[in-house]
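Proteins come first, then strands; the chains are lettered A, B, ... in the order of their sequence lines, and each starts at number 1.
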There are 2 protein chains.
Amino acid sequence: MVAVTVLRPPGLESPGLDLADAAVASLTRARVQVMHTSTAERVADAVRDEIVEGRLRPGSRLPEQRLCTALGVSRNTVREAMSQLVTERVLVREPHRGLFVARPDREAVRDVYRARRVIEPASVRSGEAADDARVAAVRAAVEEGRGAAADERWDDLASANQHFHRALVALAGSPRLDQQMALLLAEMRLVFHGMPVVREFHEPYLARNATICELLEGGRRAAAADAVDEYLREAETHLLSGYDPT
Amino acid sequence: MVAVTVLRPPGLESPGLDLADAAVASLTRARVQVMHTSTAERVADAVRDEIVEGRLRPGSRLPEQRLCTALGVSRNTVREAMSQLVTERVLVREPHRGLFVARPDREAVRDVYRARRVIEPASVRSGEAADDARVAAVRAAVEEGRGAAADERWDDLASANQHFHRALVALAGSPRLDQQMALLLAEMRLVFHGMPVVREFHEPYLARNATICELLEGGRRAAAADAVDEYLREAETHLLSGYDPT
DNA sequence: GATTGCCTGATTGTTGAGCAATTCTTACGC
DNA sequence: GCGTAAGAATTGCTCAACAATCAGGCAATC
(Lines give C-alpha, C1' and ligand atoms only; values in the text may rest on other atoms or scores of the structure.)
Protein backbone atom coordinates (compact mmCIF):
# COMPACT_ATOMS: atom_id res chain seq x y z
CA MET A 1 0.00 0.00 0.00
CA VAL A 2 1.15 3.51 -0.67
CA ALA A 3 2.76 5.01 2.37
CA VAL A 4 1.09 8.17 3.52
CA THR A 5 3.26 8.51 6.55
CA VAL A 6 5.08 11.58 5.32
CA LEU A 7 2.57 14.14 6.55
CA ARG A 8 4.90 16.72 7.97
CA PRO A 9 4.03 19.14 10.70
CA PRO A 10 2.12 22.04 9.16
CA GLY A 11 3.86 25.23 8.19
CA LEU A 12 6.96 23.56 6.84
CA GLU A 13 7.46 23.22 3.10
CA SER A 14 9.61 20.36 1.91
CA PRO A 15 12.71 20.92 -0.26
CA GLY A 16 12.14 17.84 -2.45
CA LEU A 17 8.91 17.00 -4.26
CA ASP A 18 7.79 13.38 -4.45
CA LEU A 19 4.36 11.96 -5.01
CA ALA A 20 3.25 12.32 -1.43
CA ASP A 21 4.26 15.95 -1.41
CA ALA A 22 2.32 16.53 -4.57
CA ALA A 23 -0.68 15.02 -2.86
CA VAL A 24 -0.48 17.25 0.17
CA ALA A 25 0.18 20.22 -2.08
CA SER A 26 -3.07 19.58 -3.88
CA LEU A 27 -4.77 19.37 -0.52
CA THR A 28 -3.47 22.70 0.68
CA ARG A 29 -5.05 24.20 -2.40
CA ALA A 30 -8.39 22.74 -1.34
CA ARG A 31 -7.99 24.09 2.16
CA VAL A 32 -9.79 27.29 1.33
CA GLN A 33 -12.86 25.19 0.71
CA VAL A 34 -12.82 23.58 4.13
CA MET A 35 -11.56 26.68 5.85
CA HIS A 36 -13.85 27.45 8.68
CA THR A 37 -14.81 31.06 8.29
CA SER A 38 -15.13 32.83 11.59
CA THR A 39 -18.44 34.20 12.77
CA ALA A 40 -17.19 37.76 12.60
CA GLU A 41 -16.18 37.21 9.00
CA ARG A 42 -19.60 35.89 8.07
CA VAL A 43 -21.27 38.79 9.81
CA ALA A 44 -19.07 41.23 7.92
CA ASP A 45 -19.88 39.48 4.65
CA ALA A 46 -23.61 39.66 5.35
CA VAL A 47 -23.63 43.35 6.19
CA ARG A 48 -21.27 44.21 3.34
CA ASP A 49 -23.58 42.42 0.99
CA GLU A 50 -26.62 44.32 2.21
CA ILE A 51 -24.77 47.55 1.61
CA VAL A 52 -23.18 46.99 -1.79
CA GLU A 53 -26.45 45.57 -3.06
CA GLY A 54 -28.11 48.79 -2.05
CA ARG A 55 -30.50 47.41 0.54
CA LEU A 56 -28.89 49.66 3.13
CA ARG A 57 -28.71 53.27 2.00
CA PRO A 58 -25.61 55.46 2.41
CA GLY A 59 -25.90 57.48 5.59
CA SER A 60 -28.02 54.88 7.37
CA ARG A 61 -27.28 54.38 11.02
CA LEU A 62 -26.46 50.89 12.26
CA PRO A 63 -26.92 50.56 16.05
CA GLU A 64 -24.87 47.68 17.40
CA GLN A 65 -27.68 46.31 19.54
CA ARG A 66 -30.01 46.05 16.58
CA LEU A 67 -27.36 44.22 14.57
CA CYS A 68 -26.90 41.78 17.44
CA THR A 69 -30.55 40.81 17.57
CA ALA A 70 -30.92 40.84 13.79
CA LEU A 71 -27.92 38.59 13.23
CA GLY A 72 -28.09 36.56 16.41
CA VAL A 73 -24.52 37.17 17.53
CA SER A 74 -22.95 38.94 20.46
CA ARG A 75 -22.01 42.58 20.49
CA ASN A 76 -18.28 41.92 20.58
CA THR A 77 -18.51 39.86 17.45
CA VAL A 78 -20.54 42.57 15.79
CA ARG A 79 -17.94 45.14 16.75
CA GLU A 80 -15.15 43.01 15.33
CA ALA A 81 -17.02 42.59 12.06
CA MET A 82 -17.94 46.26 11.81
CA SER A 83 -14.36 47.35 12.46
CA GLN A 84 -13.45 45.30 9.43
CA LEU A 85 -16.01 47.12 7.31
CA VAL A 86 -14.76 50.45 8.62
CA THR A 87 -11.26 49.72 7.35
CA GLU A 88 -12.84 48.76 4.03
CA ARG A 89 -14.43 52.21 3.96
CA VAL A 90 -17.88 50.64 3.64
CA LEU A 91 -18.85 51.98 7.06
CA VAL A 92 -17.85 55.07 8.98
CA ARG A 93 -17.49 55.07 12.74
CA GLU A 94 -18.11 58.31 14.62
CA PRO A 95 -16.73 57.94 18.14
CA HIS A 96 -19.45 57.54 20.73
CA ARG A 97 -22.03 58.23 18.06
CA GLY A 98 -22.24 55.03 16.13
CA LEU A 99 -21.79 53.32 12.81
CA PHE A 100 -23.09 54.71 9.54
CA VAL A 101 -23.10 53.41 6.02
CA ALA A 102 -20.43 55.47 4.28
CA ARG A 103 -21.59 58.33 2.10
CA PRO A 104 -18.63 59.26 -0.10
CA ASP A 105 -18.38 62.98 -0.78
CA ARG A 106 -17.20 64.52 -4.03
CA GLU A 107 -13.60 64.56 -2.85
CA ALA A 108 -13.82 60.83 -2.14
CA VAL A 109 -15.05 60.26 -5.69
CA ARG A 110 -12.19 62.29 -7.07
CA ASP A 111 -9.69 60.33 -5.02
CA VAL A 112 -11.10 56.97 -6.04
CA TYR A 113 -10.72 58.01 -9.66
CA ARG A 114 -7.20 59.28 -9.02
CA ALA A 115 -6.32 55.85 -7.65
CA ARG A 116 -8.09 54.04 -10.46
CA ARG A 117 -6.29 56.13 -13.08
CA VAL A 118 -3.02 54.95 -11.58
CA ILE A 119 -3.90 51.29 -11.15
CA GLU A 120 -6.06 50.39 -14.13
CA PRO A 121 -4.07 51.77 -17.07
CA ALA A 122 -0.83 50.55 -15.55
CA SER A 123 -2.25 47.06 -15.06
CA VAL A 124 -3.31 46.98 -18.70
CA ARG A 125 -0.06 48.46 -19.98
CA SER A 126 2.27 46.07 -18.18
CA GLY A 127 -0.10 43.11 -18.44
CA GLU A 128 2.37 40.84 -16.71
CA ALA A 129 -0.21 38.07 -16.49
CA ALA A 130 -2.26 38.86 -19.59
CA ASP A 131 -2.75 35.26 -20.65
CA ASP A 132 -5.64 34.02 -22.77
CA ALA A 133 -7.83 33.19 -19.80
CA ARG A 134 -7.54 36.68 -18.33
CA VAL A 135 -8.21 38.40 -21.64
CA ALA A 136 -11.19 36.09 -22.08
CA ALA A 137 -12.48 37.31 -18.71
CA VAL A 138 -12.42 40.86 -20.05
CA ARG A 139 -14.33 39.74 -23.12
CA ALA A 140 -16.85 37.90 -20.93
CA ALA A 141 -17.53 41.06 -18.95
CA VAL A 142 -18.15 42.97 -22.18
CA GLU A 143 -20.65 40.39 -23.38
CA GLU A 144 -22.27 40.27 -19.96
CA GLY A 145 -22.83 44.00 -20.20
CA ARG A 146 -24.21 43.76 -23.72
CA GLY A 147 -26.75 41.19 -22.63
CA ALA A 148 -27.80 43.22 -19.61
CA ALA A 149 -28.21 46.38 -21.68
CA ALA A 150 -30.21 44.55 -24.33
CA ASP A 151 -32.67 43.41 -21.66
CA GLU A 152 -32.57 46.78 -19.90
CA ARG A 153 -31.39 45.16 -16.67
CA TRP A 154 -29.54 48.25 -15.49
CA ASP A 155 -28.34 46.82 -12.18
CA ASP A 156 -26.78 43.91 -14.00
CA LEU A 157 -25.19 46.34 -16.42
CA ALA A 158 -23.58 48.13 -13.49
CA SER A 159 -22.29 44.81 -12.17
CA ALA A 160 -20.95 43.86 -15.58
CA ASN A 161 -19.10 47.14 -15.75
CA GLN A 162 -17.45 46.41 -12.42
CA HIS A 163 -16.49 42.95 -13.64
CA PHE A 164 -14.92 44.59 -16.65
CA HIS A 165 -12.70 46.86 -14.58
CA ARG A 166 -11.83 44.08 -12.19
CA ALA A 167 -10.79 41.98 -15.16
CA LEU A 168 -8.55 44.79 -16.39
CA VAL A 169 -6.68 44.93 -13.11
CA ALA A 170 -6.47 41.15 -13.02
CA LEU A 171 -4.24 41.39 -16.10
CA ALA A 172 -1.47 42.42 -13.72
CA GLY A 173 -1.82 39.09 -11.93
CA SER A 174 -1.48 40.51 -8.43
CA PRO A 175 -3.89 39.34 -5.71
CA ARG A 176 -2.99 42.38 -3.64
CA LEU A 177 -3.95 44.73 -6.44
CA ASP A 178 -7.13 42.74 -7.06
CA GLN A 179 -8.12 43.20 -3.45
CA GLN A 180 -7.42 46.91 -3.51
CA MET A 181 -9.46 47.23 -6.68
CA ALA A 182 -12.34 45.38 -5.03
CA LEU A 183 -12.34 47.99 -2.28
CA LEU A 184 -12.37 50.86 -4.76
CA LEU A 185 -15.22 49.29 -6.70
CA ALA A 186 -17.22 48.71 -3.51
CA GLU A 187 -16.82 52.39 -2.78
CA MET A 188 -18.07 53.16 -6.28
CA ARG A 189 -21.20 51.16 -5.62
CA LEU A 190 -21.84 53.33 -2.58
CA VAL A 191 -21.55 56.36 -4.81
CA PHE A 192 -24.06 54.96 -7.27
CA HIS A 193 -26.49 54.05 -4.51
CA GLY A 194 -26.28 57.60 -3.19
CA MET A 195 -27.39 58.99 -6.55
CA PRO A 196 -31.02 59.54 -7.37
CA VAL A 197 -30.80 58.10 -10.86
CA VAL A 198 -28.29 55.51 -12.01
CA ARG A 199 -30.25 53.61 -14.64
CA GLU A 200 -28.60 54.27 -17.97
CA PHE A 201 -25.47 55.82 -16.47
CA HIS A 202 -23.28 52.94 -17.59
CA GLU A 203 -24.83 52.48 -20.99
CA PRO A 204 -22.62 54.92 -22.95
CA TYR A 205 -19.54 53.05 -21.76
CA LEU A 206 -20.50 49.78 -23.38
CA ALA A 207 -18.96 50.74 -26.70
CA ARG A 208 -15.78 51.88 -24.98
CA ASN A 209 -15.46 48.61 -23.12
CA ALA A 210 -15.76 46.76 -26.39
CA THR A 211 -13.09 48.92 -28.02
CA ILE A 212 -10.69 48.40 -25.15
CA CYS A 213 -11.33 44.68 -25.25
CA GLU A 214 -10.59 44.51 -28.95
CA LEU A 215 -7.35 46.39 -28.50
CA LEU A 216 -6.39 43.89 -25.82
CA GLU A 217 -7.25 40.91 -27.96
CA GLY A 218 -5.10 42.43 -30.68
CA GLY A 219 -2.18 42.62 -28.26
CA ARG A 220 -2.14 46.43 -28.40
CA ARG A 221 -1.84 46.91 -24.68
CA ALA A 222 -0.38 50.41 -24.76
CA ALA A 223 -3.26 51.69 -26.85
CA ALA A 224 -5.71 49.91 -24.59
CA ALA A 225 -4.13 51.49 -21.53
CA ASP A 226 -4.46 54.95 -23.04
CA ALA A 227 -8.09 54.24 -23.82
CA VAL A 228 -8.70 53.18 -20.21
CA ASP A 229 -7.14 56.39 -18.95
CA GLU A 230 -9.34 58.50 -21.19
CA TYR A 231 -12.36 56.42 -20.18
CA LEU A 232 -11.74 57.07 -16.51
CA ARG A 233 -11.26 60.80 -17.02
CA GLU A 234 -14.55 61.18 -18.79
CA ALA A 235 -16.40 58.89 -16.40
CA GLU A 236 -15.22 60.99 -13.47
CA THR A 237 -16.48 64.27 -14.87
CA HIS A 238 -19.65 62.60 -16.07
CA LEU A 239 -20.29 61.19 -12.62
CA LEU A 240 -19.35 64.33 -10.69
CA SER A 241 -21.62 66.46 -12.86
CA GLY A 242 -24.63 64.77 -11.35
CA TYR A 243 -23.38 63.84 -7.91
CA ASP A 244 -24.05 65.94 -4.86
CA PRO A 245 -24.56 64.00 -1.64
CA THR A 246 -26.31 66.36 0.76
CA MET B 1 -21.58 96.36 19.79
CA VAL B 2 -20.81 93.66 17.28
CA ALA B 3 -23.58 91.11 17.05
CA VAL B 4 -22.42 87.57 17.74
CA THR B 5 -25.87 86.13 17.39
CA VAL B 6 -25.25 84.23 14.19
CA LEU B 7 -23.94 80.95 15.58
CA ARG B 8 -25.87 78.47 13.55
CA PRO B 9 -26.57 74.85 14.43
CA PRO B 10 -23.51 72.70 13.72
CA GLY B 11 -23.06 70.84 10.45
CA LEU B 12 -24.35 73.66 8.29
CA GLU B 13 -21.97 75.95 6.45
CA SER B 14 -23.11 79.51 6.15
CA PRO B 15 -23.31 81.26 2.79
CA GLY B 16 -22.01 84.55 4.18
CA LEU B 17 -18.88 84.84 6.33
CA ASP B 18 -18.76 87.39 9.12
CA LEU B 19 -16.41 87.59 12.08
CA ALA B 20 -18.13 85.00 14.25
CA ASP B 21 -18.24 82.43 11.52
CA ALA B 22 -14.60 83.02 10.70
CA ALA B 23 -13.76 82.37 14.33
CA VAL B 24 -15.52 79.03 14.51
CA ALA B 25 -14.11 78.09 11.11
CA SER B 26 -10.61 78.45 12.46
CA LEU B 27 -11.56 76.09 15.26
CA THR B 28 -12.77 73.33 12.99
CA ARG B 29 -9.21 73.11 11.77
CA ALA B 30 -8.11 72.28 15.29
CA ARG B 31 -10.60 69.46 15.60
CA VAL B 32 -8.09 66.79 14.69
CA GLN B 33 -6.19 67.68 17.85
CA VAL B 34 -9.02 66.77 20.21
CA MET B 35 -9.91 63.64 18.31
CA HIS B 36 -9.98 60.80 20.77
CA THR B 37 -8.22 57.69 19.52
CA SER B 38 -9.77 54.48 20.75
CA THR B 39 -7.89 52.05 22.95
CA ALA B 40 -7.97 49.33 20.32
CA GLU B 41 -6.40 51.74 17.87
CA ARG B 42 -3.59 52.60 20.24
CA VAL B 43 -2.98 48.93 20.97
CA ALA B 44 -2.80 48.19 17.25
CA ASP B 45 -0.37 51.08 16.77
CA ALA B 46 1.85 49.84 19.58
CA VAL B 47 2.03 46.27 18.32
CA ARG B 48 2.46 47.35 14.71
CA ASP B 49 5.33 49.54 15.78
CA GLU B 50 7.04 46.71 17.62
CA ILE B 51 6.79 44.60 14.50
CA VAL B 52 7.84 47.01 11.76
CA GLU B 53 10.73 48.17 13.92
CA GLY B 54 11.88 44.59 14.09
CA ARG B 55 11.57 44.08 17.84
CA LEU B 56 9.12 41.24 17.16
CA ARG B 57 10.51 38.73 14.69
CA PRO B 58 8.46 37.29 11.80
CA GLY B 59 6.95 33.99 12.83
CA SER B 60 6.74 34.92 16.50
CA ARG B 61 3.67 33.76 18.32
CA LEU B 62 1.53 36.32 20.10
CA PRO B 63 -0.74 34.70 22.71
CA GLU B 64 -3.68 36.95 23.48
CA GLN B 65 -3.40 36.53 27.23
CA ARG B 66 0.18 37.69 27.23
CA LEU B 67 -0.71 40.75 25.19
CA CYS B 68 -3.45 41.58 27.68
CA THR B 69 -1.13 41.62 30.66
CA ALA B 70 1.66 43.30 28.73
CA LEU B 71 -0.55 46.11 27.49
CA GLY B 72 -2.97 46.31 30.38
CA VAL B 73 -6.15 45.99 28.33
CA SER B 74 -8.87 43.39 28.11
CA ARG B 75 -8.84 40.45 25.77
CA ASN B 76 -11.72 41.75 23.71
CA THR B 77 -9.86 44.96 23.01
CA VAL B 78 -6.75 43.01 22.10
CA ARG B 79 -8.73 40.88 19.69
CA GLU B 80 -10.22 43.95 18.03
CA ALA B 81 -6.78 45.48 17.61
CA MET B 82 -5.19 42.28 16.33
CA SER B 83 -7.96 41.77 13.78
CA GLN B 84 -6.98 45.14 12.39
CA LEU B 85 -3.35 44.05 12.06
CA VAL B 86 -4.46 40.83 10.38
CA THR B 87 -6.23 42.78 7.65
CA GLU B 88 -3.05 44.85 7.27
CA ARG B 89 -1.16 41.59 6.69
CA VAL B 90 1.17 42.40 9.55
CA LEU B 91 -0.17 39.44 11.52
CA VAL B 92 -1.53 36.08 10.46
CA ARG B 93 -4.31 34.36 12.35
CA GLU B 94 -4.47 30.56 12.24
CA PRO B 95 -7.87 29.41 13.49
CA HIS B 96 -7.71 27.98 16.97
CA ARG B 97 -3.95 28.18 16.86
CA GLY B 98 -3.23 31.81 17.45
CA LEU B 99 -1.67 34.97 16.12
CA PHE B 100 1.74 35.06 14.48
CA VAL B 101 3.85 37.85 13.11
CA ALA B 102 3.54 37.43 9.35
CA ARG B 103 6.41 35.75 7.57
CA PRO B 104 6.00 36.58 3.87
CA ASP B 105 7.02 33.75 1.57
CA ARG B 106 8.71 34.20 -1.79
CA GLU B 107 5.40 34.35 -3.61
CA ALA B 108 4.31 37.17 -1.31
CA VAL B 109 7.46 39.07 -2.18
CA ARG B 110 6.82 38.57 -5.88
CA ASP B 111 3.26 39.81 -5.50
CA VAL B 112 4.26 42.88 -3.53
CA TYR B 113 6.68 43.76 -6.30
CA ARG B 114 4.04 43.11 -8.95
CA ALA B 115 1.77 45.59 -7.18
CA ARG B 116 4.57 48.09 -6.71
CA ARG B 117 5.53 47.90 -10.37
CA VAL B 118 1.98 48.89 -11.21
CA ILE B 119 1.55 51.65 -8.65
CA GLU B 120 4.91 53.37 -8.42
CA PRO B 121 5.81 53.98 -12.07
CA ALA B 122 2.24 54.99 -12.87
CA SER B 123 2.19 57.47 -9.99
CA VAL B 124 5.40 59.03 -11.25
CA ARG B 125 4.31 59.03 -14.88
CA SER B 126 0.97 60.72 -14.34
CA GLY B 127 2.20 62.87 -11.49
CA GLU B 128 -1.17 64.54 -11.13
CA ALA B 129 -0.09 66.27 -7.95
CA ALA B 130 3.62 66.62 -8.64
CA ASP B 131 3.96 70.12 -7.21
CA ASP B 132 7.19 71.58 -5.84
CA ALA B 133 6.51 70.43 -2.31
CA ARG B 134 6.01 66.81 -3.30
CA VAL B 135 9.10 66.75 -5.51
CA ALA B 136 11.01 68.32 -2.64
CA ALA B 137 9.86 65.42 -0.44
CA VAL B 138 11.47 63.03 -2.91
CA ARG B 139 14.67 65.02 -2.79
CA ALA B 140 14.56 65.06 1.01
CA ALA B 141 14.34 61.27 1.10
CA VAL B 142 17.37 61.01 -1.18
CA GLU B 143 19.41 63.28 1.07
CA GLU B 144 18.20 61.43 4.15
CA GLY B 145 19.51 58.24 2.63
CA ARG B 146 22.84 59.81 1.73
CA GLY B 147 23.34 61.00 5.27
CA ALA B 148 22.46 57.61 6.72
CA ALA B 149 24.79 55.79 4.37
CA ALA B 150 27.62 58.19 5.08
CA ASP B 151 27.32 57.40 8.79
CA GLU B 152 26.73 53.70 8.12
CA ARG B 153 23.38 53.83 9.89
CA TRP B 154 21.87 51.00 7.83
CA ASP B 155 18.51 50.92 9.55
CA ASP B 156 18.06 54.59 8.84
CA LEU B 157 19.06 53.96 5.25
CA ALA B 158 16.30 51.39 4.95
CA SER B 159 13.82 53.89 6.38
CA ALA B 160 15.00 56.59 3.99
CA ASN B 161 14.48 54.22 1.10
CA GLN B 162 10.91 53.63 2.19
CA HIS B 163 10.37 57.37 2.47
CA PHE B 164 11.66 57.71 -1.07
CA HIS B 165 9.15 55.26 -2.49
CA ARG B 166 6.33 56.68 -0.43
CA ALA B 167 7.21 60.11 -1.82
CA LEU B 168 7.07 58.74 -5.36
CA VAL B 169 3.53 57.45 -4.85
CA ALA B 170 2.55 60.70 -3.18
CA LEU B 171 3.14 62.40 -6.53
CA ALA B 172 -0.22 60.99 -7.58
CA GLY B 173 -1.88 62.93 -4.78
CA SER B 174 -4.20 60.13 -3.73
CA PRO B 175 -4.62 59.36 -0.01
CA ARG B 176 -6.05 55.96 -0.89
CA LEU B 177 -2.96 55.05 -2.89
CA ASP B 178 -0.73 56.41 -0.14
CA GLN B 179 -2.41 54.12 2.34
CA GLN B 180 -2.10 51.09 0.08
CA MET B 181 1.57 51.88 -0.43
CA ALA B 182 2.07 52.11 3.32
CA LEU B 183 0.73 48.57 3.65
CA LEU B 184 3.03 47.27 0.93
CA LEU B 185 6.03 48.94 2.53
CA ALA B 186 5.14 47.53 5.94
CA GLU B 187 5.13 44.10 4.35
CA MET B 188 8.53 44.83 2.87
CA ARG B 189 9.87 45.60 6.31
CA LEU B 190 8.71 42.18 7.44
CA VAL B 191 10.65 40.69 4.55
CA PHE B 192 13.80 42.54 5.54
CA HIS B 193 13.46 41.53 9.17
CA GLY B 194 13.13 37.89 8.10
CA MET B 195 16.49 38.05 6.33
CA PRO B 196 19.71 37.19 8.06
CA VAL B 197 21.62 40.11 6.62
CA VAL B 198 20.13 43.38 5.49
CA ARG B 199 22.88 45.84 6.24
CA GLU B 200 24.13 47.21 2.95
CA PHE B 201 21.26 45.80 0.93
CA HIS B 202 19.88 49.25 0.19
CA GLU B 203 23.20 50.93 -0.45
CA PRO B 204 23.48 50.22 -4.20
CA TYR B 205 20.11 51.90 -4.75
CA LEU B 206 21.23 55.27 -3.47
CA ALA B 207 22.61 56.32 -6.83
CA ARG B 208 19.44 55.16 -8.57
CA ASN B 209 17.28 57.17 -6.20
CA ALA B 210 19.34 60.24 -6.96
CA THR B 211 19.04 59.71 -10.71
CA ILE B 212 15.28 59.31 -10.51
CA CYS B 213 15.04 62.40 -8.36
CA GLU B 214 17.02 64.45 -10.85
CA LEU B 215 14.81 63.29 -13.71
CA LEU B 216 11.80 64.37 -11.68
CA GLU B 217 13.27 67.76 -10.89
CA GLY B 218 13.91 68.20 -14.58
CA GLY B 219 10.28 67.47 -15.31
CA ARG B 220 11.10 64.29 -17.21
CA ARG B 221 8.45 62.18 -15.56
CA ALA B 222 8.19 59.51 -18.26
CA ALA B 223 11.90 58.79 -18.07
CA ALA B 224 11.71 58.77 -14.28
CA ALA B 225 8.83 56.30 -14.41
CA ASP B 226 10.81 53.96 -16.64
CA ALA B 227 13.74 54.19 -14.27
CA VAL B 228 11.49 53.29 -11.35
CA ASP B 229 10.19 50.25 -13.20
CA GLU B 230 13.69 49.04 -13.94
CA TYR B 231 14.70 49.74 -10.36
CA LEU B 232 11.88 47.58 -9.02
CA ARG B 233 12.65 44.72 -11.36
CA GLU B 234 16.26 44.53 -10.30
CA ALA B 235 15.44 45.01 -6.64
CA GLU B 236 13.05 42.07 -6.77
CA THR B 237 15.56 39.64 -8.25
CA HIS B 238 18.28 40.98 -5.97
CA LEU B 239 16.07 40.45 -2.95
CA LEU B 240 14.74 37.04 -3.97
CA SER B 241 18.24 35.77 -4.65
CA GLY B 242 19.00 35.90 -0.96
CA TYR B 243 15.57 35.34 0.57
CA ASP B 244 14.42 31.96 1.78
CA PRO B 245 12.18 32.03 4.83
CA THR B 246 12.32 28.56 6.36
C1' DG C 1 -34.83 85.64 21.74
C1' DA C 2 -30.89 83.33 21.96
C1' DT C 3 -27.63 81.11 24.98
C1' DT C 4 -26.27 78.57 28.75
C1' DG C 5 -26.59 74.98 32.33
C1' DC C 6 -28.43 70.82 33.70
C1' DC C 7 -30.97 66.72 33.64
C1' DT C 8 -32.51 62.34 31.48
C1' DG C 9 -32.21 58.47 28.30
C1' DA C 10 -29.79 56.01 24.90
C1' DT C 11 -25.61 54.27 22.79
C1' DT C 12 -20.91 53.41 22.71
C1' DG C 13 -16.17 51.91 24.61
C1' DT C 14 -14.22 48.72 27.54
C1' DT C 15 -13.89 45.29 31.02
C1' DG C 16 -14.27 40.70 33.24
C1' DA C 17 -15.80 36.13 33.69
C1' DG C 18 -17.12 32.01 31.61
C1' DC C 19 -18.00 28.00 28.38
C1' DA C 20 -17.56 25.01 24.22
C1' DA C 21 -14.42 23.73 20.60
C1' DT C 22 -9.99 22.86 19.12
C1' DT C 23 -5.11 22.25 19.35
C1' DC C 24 -0.95 20.94 21.76
C1' DT C 25 1.32 17.99 25.10
C1' DT C 26 2.30 14.09 27.50
C1' DA C 27 2.08 9.94 29.18
C1' DC C 28 0.41 5.36 28.38
C1' DG C 29 -0.35 0.79 26.20
C1' DC C 30 0.93 -2.27 22.56
C1' DG D 1 8.81 2.63 17.75
C1' DC D 2 3.96 3.80 16.95
C1' DG D 3 -0.50 5.03 17.64
C1' DT D 4 -3.64 6.69 21.14
C1' DA D 5 -6.14 8.60 24.89
C1' DA D 6 -6.35 11.76 28.79
C1' DG D 7 -5.15 16.44 30.32
C1' DA D 8 -3.57 21.25 29.79
C1' DA D 9 -3.62 25.36 27.23
C1' DT D 10 -5.58 28.51 23.96
C1' DT D 11 -8.91 30.27 21.02
C1' DG D 12 -13.81 31.70 19.44
C1' DC D 13 -17.65 33.52 21.17
C1' DT D 14 -21.19 34.92 24.56
C1' DC D 15 -23.14 37.40 28.38
C1' DA D 16 -23.55 41.00 31.78
C1' DA D 17 -21.99 45.09 33.60
C1' DC D 18 -20.10 49.94 34.13
C1' DA D 19 -18.14 54.50 32.86
C1' DA D 20 -17.85 57.85 29.20
C1' DT D 21 -20.13 60.30 25.85
C1' DC D 22 -23.83 62.14 23.05
C1' DA D 23 -28.74 63.82 21.83
C1' DG D 24 -32.64 66.24 23.25
C1' DG D 25 -35.68 68.78 26.35
C1' DC D 26 -36.55 72.30 29.75
C1' DA D 27 -35.71 75.77 32.86
C1' DA D 28 -32.72 79.76 34.16
C1' DT D 29 -30.17 83.65 32.50
C1' DC D 30 -28.47 87.71 29.99
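At least one cation-pi condition fails for A/Arg110 and A/Tyr113: the charged atom is not both under 6.0 angstrom from the six-membered ring centre and inside a 45 degree cone around its axis.
Proximity of A/Arg79 to the phosphate of C/dT12: no side-chain N or O atom is located under 4.0 Å from OP1 or OP2. Regarding contacts with the backbone of D/dA23, a side-chain N or O of A/Arg97 is found under 4.0 angstrom from either OP1 or OP2. Residue B/Thr77 places at least one side-chain N or O under 4.0 Å from the OP1 or OP2 atom of C/dT15.
The CG-C1' distance, from A/Asn76 to C/dA17, rounds to 12 Å in whole Å. Look at CG on A/Leu62: it is 13 Å from P on C/dT11, rounded to the nearest Å. Remark: C1' of C/dT23 and CZ of B/Arg93 are 15 Å apart, rounded to the nearest angstrom. One interatomic measurement links the two molecules: CD of A/Glu94 to P of C/dA10, which rounds to 21 Å at whole-angstrom precision. Rounding to whole angstrom units, CE of residue A/Met82 and P of C/dG13 are separated by 13 Å. The nearest whole Å value for the distance from the CZ atom in B/Arg66 to the C1' atom in D/dT11 is 14 Å. Rounded to an integer number of Å, the gap from CD of B/Glu80 to C1' of D/dC13 is 14 Å. Taking atom CG on A/Leu71 and atom P on D/dC13, their separation rounds to 14 Å, with Å as the unit.
Residues A/His96 and A/Ala40 both approach DNA chain D. Their nearest nucleotides, taken by heavy-atom distance, put A/Ala40 toward the 5′ side. Nucleotides of DNA chain D nearest to A/Thr39 and B/Arg61 differ in position, and the one nearer the 5' end is that of B/Arg61.
For A/Arg106 against A/Tyr243, the heavy-atom pair with the smallest separation is NH1-O, 2.6 Å.
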Would you list the atom pairs, donor with acceptor, under 3.5 Å between side chains in residues 86-93 of chain B and any protein atom, with sequence neighbours excluded?
| unit_1 | atom_1 | unit_2 | atom_2 | d |
| --- | --- | --- | --- | --- |
| B/Thr87 | OG1 | B/Gln84 | O | 2.7 |
| B/Glu88 | OE1 | B/Arg48 | NE | 2.8 |
| B/Glu88 | OE1 | B/Arg48 | NH2 | 3.4 |
| B/Glu88 | OE2 | B/Arg48 | NH2 | 2.9 |
| B/Glu88 | OE2 | B/Gln84 | NE2 | 3.0 |
| B/Arg89 | NH2 | A/Gln179 | OE1 | 2.9 |
| B/Arg93 | NH1 | B/Ser83 | OG | 3.4 |

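The base of C/dT14 sits with one of its N or O atoms less than 3.5 Å from a complementary donor or acceptor on the side chain of A/Arg75.
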Checklist entry - Does the pair B/Leu185 and B/Met181 meet the rule for a side-chain contact (heavy atoms from CB on, under 4.5 Å), with working shown? => result CA-CA 6 Å; B/Leu185 289 178; B/Met181 188 62 189; 3.9 Å; yes
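A perpendicular orientation is assigned to the rings of A/Phe192 and A/His202, their planes being inclined by more than 60° (bins at 30° and 60°).
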